[in-house]
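Sharing a structure here in structure tokens format.
Keep in mind it's a predicted model, so treat the numbers as computed, not measured.
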Amino acid sequence: MTSTSAAALALQDHAALWSLGEIPATEVVSSACDALVAGLDGPALRMLAACTRTEAYYDVPDLLPPALDELGLTFCPAGSVAAQEAAARALAARMLAGELTPRELVFRIHQRFGHGLPLVEALANLDDEYDILDYGDRTSAQVDADVVAEALRLTRHPRATPERTVH
């Protein structure tokens with residue numbers, strides 16, 4: 001994956017996480033800056049990257065959709081199933097990158113989506129598995145391995161990538 005592709009996916013992931021309230025708007029702005037540094041460019045992306053910490057809270061809702069659009073990325077409306085699935089994939093990618101433990105991932109997935117989002121039902125069930133470790137015959141390491149396998153499955157699921165090259 002090229003650095004521009006990785007930056008585009010990171011921006012898409014940050015957009016999904018922000019739309020569900022998982023990260024603050026300032027992290028979206030930082031991701032836009034990283035995208036510019038990686039070689040992506042466009043007027044809306046530049047405007048998004050130029051936001052101050054104070055402006056981010058107010059301006060990201062208006063600036064993010066056109067910035068993603070000019071990069072050929074999709075902005076999923078907050079609360080939509082597509083947004084929930086995109087955020088779940090982004091959380092799984094964060095766990096695989098070492099930013100979350102397997103236990104933290106399934107807790108956040110279960111807390112955010114319960115058992116109501118089919119794409120992550122297995123992760124919600126694994127959160128339940130952690131809760132009954134003292135009463136079953138599985139170890140924490142075995143459940144961790146199942147979480148990692150499920151996170152890999154989720155991140156291999158098709159994710160949006162830039163449809164066109166932007167210079």
*When hydrophobic residues are tied together by side-chain contacts of less than 4.5 Å, even through go-betweens, does Y57 share a cluster with V29?*
no
Exactly one of E55, R53, M47 clears side chain to side chain contact (heavy atoms under 4.5 Å, CB included) with C51, and that residue is E55
Check your understanding: With the threshold set at 4.0 Å, does a side-chain nitrogen-carboxylate oxygen contact exist between R103 and D131?
Key -> yes
| message | Using side-chain heavy atoms (C-beta onward) and a distance below 4.5 Å, is L11 in contact with L45? | response | yes
In short, L48 meets V28 closest at the heavy-atom pair CD2-CG1, 4.3 Å
Legend entry - Under 3.5 Å donor-acceptor, E150 side chain and A122 backbone: no
Between V120 and A88 the two heavy atoms that sit nearest each other are CG1-CB, 3.4 Å
**Side-chain donor/acceptor of Q84 to backbone N/O of F113, under 3.5 Å** = no
(Q) Please determine whether residues L123 and F107 belong to a single hydrophobic cluster, defined as Ile, Leu, Val, Met, Phe, Trp and Tyr linked transitively by side-chain heavy-atom distances below 4.5 Å. (A) no
Any donor-acceptor N/O pair, E104 side chain to T101 backbone, under 3.5 Å = yes
Checklist entry - In terms of side-chain geometry, is the basic nitrogen of D146 or R138 positioned less than 4.0 Å from the acidic oxygen of its partner? => result yes
Under a 4.5 Å side-chain heavy-atom rule over Ile, Leu, Val, Met, Phe, Trp and Tyr, are L17 and V81 clustered together?
yes
**Prompt:** So if you build clusters from Ile, Leu, Val, Met, Phe, Trp, Tyr with side-chain heavy-atom gaps below 4.5 Å, do Y58 and L64 land together?
**Reply:** no
Check: E27 side chain, P24 main-chain N or O, donor-acceptor pair, under 3.5 Å: no
task = Taking the side chain as every heavy atom from C-beta outward, state whether W18 and P61 have any atom pair closer than 4.5 Å.
result = yes
CG of L73 to CG of D69, rounded to nearest 0.5 Å, is 9.0 Å
Interatomic distance, CZ@R94 vs CD@E22, rounded to 0.5 Å, equals 8.5 Å
Note to self: So for atom CZ, which belongs to R46, do other residues, nucleotides or ligands contribute more than 12 heavy atoms lying within a distance under 6.0 Å?
What the structure shows: yes
Closest non-hydrogen atoms of G79 and L20, given as atom of the first, atom of the second and distance, are N-CD1, 4.3 Å
Closest heavy-atom pair, A124 versus G114, reported as atoms and distance to 0.1 Å, is CB-O, 3.3 Å
Next item on the list: Would you confirm whether Q12, through its side chain, and T74, through its main-chain N or O, come within 3.5 Å as a donor-acceptor pair?
Entry: yes
Any ion pair linking D13 and R89 (charged N to carboxylate O, less than 4.0 Å)? no
Of all heavy-atom pairs linking A16 and A83, the shortest is CB-O, 4.5 Å
#### Entry: salt_bridge(E85, R112) N-O dist < 4.0 Å
no
From the list V148, L105, L154, side chain to side chain contact (heavy atoms under 4.5 Å, CB included) with L96 holds only for V148
query: Would you say D59 and D62 make side-chain contact, with heavy atoms under 4.5 Å?
result: no
ILVMFWY cluster, L152 and V143 together (side-chain gap under 4.5 Å): yes
Check: For the residue pair H110 and H115, does the interplanar ring angle fall in the parallel (under 30°), tilted (30 to 60°) or perpendicular (over 60°) class?
Finding: perpendicular
